[in-house]
Number of protein chains: 2
Amino acid sequence: MTPFDAITTPLPRRLREGLDRIAAAMRADEWGVAEEAGLTPTQLHALTFVAGRGDAGMRLRAVAEHLGVTQPTATDSIAALVRKGLVIKLPDAQDKRAVAIRVTQAGCDVVRAIGLAMTSAERALETLSPQEQQTLLDLIIKTIRALQQAKAIPPQRLCVTCRHFRPYAHEDAELPHHCALVDAAFGGRHLRLDCAEHDPAPQPAREAAWSLFARRAPEPAGPGA
Amino acid sequence: MTPFDAITTPLPRRLREGLDRIAAAMRADEWGVAEEAGLTPTQLHALTFVAGRGDAGMRLRAVAEHLGVTQPTATDSIAALVRKGLVIKLPDAQDKRAVAIRVTQAGCDVVRAIGLAMTSAERALETLSPQEQQTLLDLIIKTIRALQQAKAIPPQRLCVTCRHFRPYAHEDAELPHHCALVDAAFGGRHLRLDCAEHDPAPQPAREAAWSLFARRAPEPAGPGA
DNA sequence: CAAAAATAATTAGGAATCCTAATTAAATTC
DNA sequence: GAATTTAATTAGGATTCCTAATTATTTTTG
């Protein structure tokens with residue numbers, strides 16, 4: 001405990017504020033990207049989410065939770081996307097109360113076109129060294145997982161919660177992990193945040209894999225590039 | 001280059017998406033916090049920003065840039081805060097076009113009351129080990145600085161761009177940096193993102209300090225707590 | 001120094017976001 | 001089978017947030 005600890009705001013507070021500053025830049029970015037496609041930022045987020053889930057068809061509730069808004073707000077935004085022909089709403093086969101929201105071909109095209117754009121946030125993140133980027137990915141995953149466990153965000157399709165994930169299955173420090181689905185080794189820099197092939201591991205297996213993963217650190221961030 | 005590099009989206013893209021997920025949680029948090037004070041999230045952000053600058057009086061433009069919105073939008077939000085008596089608008093002495101926006105006593109009280117609340121984002125960040133938190137702070141600072149240099153966000157009052165900052169002035173690995181203003185040693189975990197005493201260093205000195213700072217890494221993130 | 005250009009802020013107008021509360025319909029639970 | 005929960009929408013309204021145009025002032029420049 002040094003004098004500075006007493007006069008400095010708690011570290012988690014400053015981390016949140018820092019993430020907030022980065023979020024402000026991302027928010028400003030979004031108008032530019034979305035408008036090219038004739039969308040608003042919220043609509044673009046919703047469309048990207050729905051498109052990422054392919055033909056399965058998302059529930060409205062899932063969209064709302066992903067965006068962090070209420071169901072009526074999600075109704076608004078999805079209605080706008082339906083009007084623009086980028087998604088369609090189909091009756092859900094299992095549950096007659098629900099709808100299955102699916103991306104259309106036009107919607108796919110829009111997502112693909114926009115995916116090529118590079119935001120200023122991404123350009124900023126690119127200035128970090130590869131090692132730093134990997135370290136940041138690791139910390140982001142840990143934070144997302146904590147948010148997920150606290151039910152502050154819905155379950156994400158993370159490698160680290162997947163049935164096929166085998167942390168530190170290999171000696172190779174470069175590619176220590178293993179994906180049992182594709183049966184291949186991969187590294188910390190390849191860890192996904194939203195894998196289409198994600199299959200949730202049962203709770204006990206997940207805990208075991210997580211504790212094995214979390215207690216091993218990536219290489220130190222090292223000097224800048 | 002492994003097979004996985006080819007089938008994985010670029011790391012900066014995934015980092016942005018991850019930050020986006022965390023931002024979604026923060027956005028959802030904000031309604032809860034703001035509503036207790038009878039504010040909207042945007043108003044709370046604006047108020048916090050103005051309050052953080054004390055009696056100097058902020059320009060409207062600075063508020064808009066901080067929030068990442070246009071001037072008319074900032075006019076809206078500041079007008080709401082004026083109506084609620086949390087800030088006042090005074091004519092700027094130097095420039096008759098401009099206004100000086102200052103927090104009132106009531107506004108200070110609101111900020112103080114809200115400052116005690118802990119968001120789910122902060123609780124999630126708290127689950128990281130102290131070492132991981134410090135590493136994350138370091139990476140956030142680097143990202144903010146890159147955004148700042150790209151003019152994607154306005155200048156922040158970071159230690160690392162301050163006239164009084166002396167990176168790695170001490171041997172002590174725990175407290176390597178030095179603040180010439182208070183003439184005391186401090187550590188990476190104490191680095192500020194918005195210091196009231198910030199005094200921008202001239203460009204050459206800033207570059208020199210930055211390169212000295214950026215090329216030294218914090219300790220590895222190490223095993224989780 | 002006067003004209004031109006840039007800047008600070010507001011106004012006007014309108015679409016979209018986003019909330020709470022209430023409603024409808026279907027699925028679950030007991 | 002009744003009561004509860006859940007999925008989604010509707011209703012109503014405040015706020016956000018944009019672009020474009022306006023006013024007033026400052027700065028630049030010829």
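Letters A, B, ... mirror the listed sequences (proteins, then strands); counts begin at 1. As the structure is a computational prediction, the values presented were derived from the model and not from experiment.
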Does Thr40(A) put a side-chain nitrogen or oxygen below 4.0 Å from OP1 or OP2 of dA16(C)?
no
Could you state the atom-to-atom distance from NE2 of His45(B) to P of dT16(D) in whole Å?
12 Å
Report the distance from atom CZ of Arg61(A) to atom C1' of dT5(D), rounded to the nearest whole Å.
11 Å
The residue, Pro41(A) or Pro72(A), whose nearest nucleotide of DNA chain C is more 5′ is Pro41(A)
Write down the distance between CD (Gln94(A)) and C1' (dA7(D)), rounded to a whole number of angstrom.
14 Å
Students often get this wrong, so: under 4.0 angstrom with heavy atoms, is Asp76(A) touching a base, only sugar-phosphate, or nothing?
base
Ile78(A) CD1 - dA16(C) C1' separation (whole Å):
14 Å
Are side-chain N/O atoms of Thr161(B) and His198(B) paired as donor and acceptor at under 3.5 Å?
yes
Pairing of Asp194(A) and Arg53(A) as salt bridge, 4.0 angstrom limit
yes
Of Val69(B) and Ala62(A), the one whose closest DNA chain D nucleotide lies more 5'
Ala62(A)
Please confirm whether the shortest side-chain N or O distance from Lys89(A) to OP1 or OP2 of dT9(D) is below 4.0 Å.
yes
Does dC19(C) have its OP1 or OP2 closer than 4.0 Å to a side-chain nitrogen or oxygen of Thr73(A)?
yes
Between dT15(D) (C1') and Glu30(B) (CD): distance, integer Å:
15 Å
Verify whether one side chain among Gln105(A) and Asp109(A) offers a donor that lies under 3.5 Å from an acceptor in the other.
yes
Phosphate contact (dA16(C) OP1 or OP2) by Thr42(A) side-chain N/O below 4.0 Å:
no
Kindly say whether, by distance alone, the side chain of Arg97(B) makes a donor-acceptor pair under 3.5 Å with the base of dT26(D)?
no
Using a cut-off of less than 4.0 Å, is there contact between a side-chain N or O of Gln43(B) and OP1 or OP2 of dT16(D)?
yes
Euclidean distance, atom CD of residue Glu35(A) to atom P of dT17(C) [Å, nearest integer]:
12 Å
Please determine if Arg21(B) and Glu17(B) form a salt bridge, counting it only when a charged side-chain N lies under 4.0 Å from a carboxylate O.
no
Using whole Å, report how far CD of Gln71(B) lies from C1' of dA24(D).
14 Å
Strictly below 4.0 Å: does Thr70(B) bring a side-chain N or O up to OP1 or OP2 of dC18(D)?
yes
Is any side-chain heavy atom of Leu193(A) closer than 4.5 Å to a side-chain heavy atom of Gln156(A)?
no
Once you round it to whole Å, what is the distance between P of dA8(D) and CZ of Arg59(A)?
6 Å
